[in-house]
Trainee: 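My structure is below; once you've seen it, I'll send some questions.
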Amino acid sequence: MAKNWWKIAGAILVIYATAFSFLRPLEPGIIQTDKTELVLGQNTFSVTGYNSHFVDYSSSLKGFLRVDSVRAIPITVLEIKDNVHAEFSVNIPANLDRTVLDLFLSNDRTGSMFLPSAFRIDQSKGNPAASAEYTNVAFSSGEEIPFEFPFQLRIFDTIRNLNFHVPMWFTMFVLMGLSLWYSIRYLNSDKIEYDLKAASSAKVALIFCSLGLITGSIWARFAWGDWWTTDAKLNGAAVSFLLLAAYFILRKSAEDKPNKGKIAAVYNILSFFMTMALIMVLPRLTGAASLHPGEDGNPAFSSYDLDSNLRMVFYPACAGWIITGIWIYNLHYRISNLKNTRS
Amino acid sequence: MNRIVILILLLLFTLHCQAQDGALEEYFFESGKIKVVIAVAVSIAIGMFAYLFRLDKKIKDLENNKK
């Protein structure tokens, strides 16, 4: 039992991260409005919120359309249907010098909720009001709720996927590093034990790589609208999957050659650096705008990294999955070692 | 084992082809897209269990060799 403490730690970390990935609430926000275009004069529109507590805090619900940094057009609450649905009306003045307005809502619980570029104003339609009325832009502060994940447009709840998708890749990197280490040691010492260790960790890395590809593909479908985009990061990841798979084809094809382990080890060292270049370096050099976070010369997750609530689940998830990956590698190695001594 | 994996992949592919994009979107986009997170977590669990089955088979092979 004392020797197994790290396996128990890995299991606890993975269970903690999985549970809290689902349990922690998101910050309040606005998902969408039923209209994207407003005309001059009187307009009504309905808003779909997220964790927005429209009913619970109905007395303090207010909002405005932001024109620029100081001017705003006030909106009035028409009807609150439930906690996430409400109807509003707004009076759009003539001679507005902006065509795109941002929507802000707030109440005492949520603070400011924000939908950027919510409405486009069609200046040629509608009956403009007699006089333009503006208020000041004022952000309200809500209650401080601990442990909320950030709310991001279009991503919404899928931000929780960060705790599942990214640890798969981190685990793959660690296992590939392990494989590189044992390949180098095998070339130095010629011990068959190191060859088996390198092959086992590469195999488990391949499993985590395919899980990373599958989870990424599902996430991409519902955040970007397609299963696969021709992005430098995504294609680099797919090629590195093929590079890893080629390592096993090479091992299999050189089965009866006396130095098959050496060929495979040399290829493995090469493929490790190719993978690093394809996933970590090339996507940042292409310069093309990428949908995947962490491109354009930024380290990955810079936009999420600031959020300490997400980090409190994300780091344990990474640590837990890396430990679990090493455990799986260990099992795999022991089995292949048994097989090797038997035959 | 490989045959089963290929069968599942092909089935998923046909499902993807048949599913009207609208219906798929409607199902997964419900409120905050929480079902996407469940799909991702479930796919990891499926992957892990598929690996467990393979491990099971390898151990069984070893046991059979022993006899």
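All chains are named by letter (A, B, ...) in the order of the sequence lines, taking the proteins before the strands, and each is independently numbered beginning at 1.
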Trainee: Name all residues meeting the side-chain hydrogen bond (donor to acceptor under 3.5 Å, both in side chains) criterion together with A/W228; count only those two or more places apart in sequence or in a different chain, and write none if there are none.
Mentor: A/N235
Trainee: Do any side-chain atoms of residues 9-22 of chain A form donor-acceptor pairs under 3.5 angstrom with protein atoms, and if so which ones, sequence neighbours left out?
Mentor:
| residue | atom | partner | partner atom | Å |
| --- | --- | --- | --- | --- |
| A/Y16 | OH | A/M312 | O | 3.0 |
| A/T18 | OG1 | A/V14 | O | 2.7 |
| A/S21 | OG | A/A17 | O | 2.5 |
| A/S21 | OG | A/N163 | ND2 | 3.1 |

Trainee: For residues 324-335 of chain A, run the donor-acceptor check on the side chains, cut-off 3.5 Å, and write out each pair with its distance to 0.1 Å, sequence neighbours left out.
Mentor:
| residue | atom | partner | partner atom | Å |
| --- | --- | --- | --- | --- |
| A/T324 | OG1 | A/G320 | O | 2.7 |
| A/N330 | OD1 | A/R334 | NH1 | 2.8 |
| A/H332 | NE2 | B/K58 | NZ | 3.1 |

Trainee: Roughly how far, to the nearest 0.5 Å, is CD1 of A/I159 from NZ of B/K33?
Mentor: 11.5 Å
Trainee: For chain B, find its close neighbours in residues 200-217 of chain A: heavy-atom separation under 4.5 Å, sorted by number, or none.
Mentor: A/K203, A/V204, A/I207, A/F208, A/L211, A/I214, A/T215
Trainee: Calculate, to the nearest 0.5 Å, the distance between atoms CG and CD1 belonging to A/L26 and B/I34 respectively.
Mentor: 7.5 Å
Trainee: Taking all heavy atoms of A/M168 and all of B/I44, pick out the closest pair and write down the distance.
Mentor: CE-CD1, 3.7 Å
Trainee: Compare every heavy atom of A/W219 with every heavy atom of B/V36, then report the nearest pair and how far apart it is.
Mentor: CG1-CA, 4.5 Å
Trainee: By a 4.5 Å heavy-atom criterion (distance strictly below it), what part of B/I38 contacts chain A: side chain, backbone, both, or neither?
Mentor: both
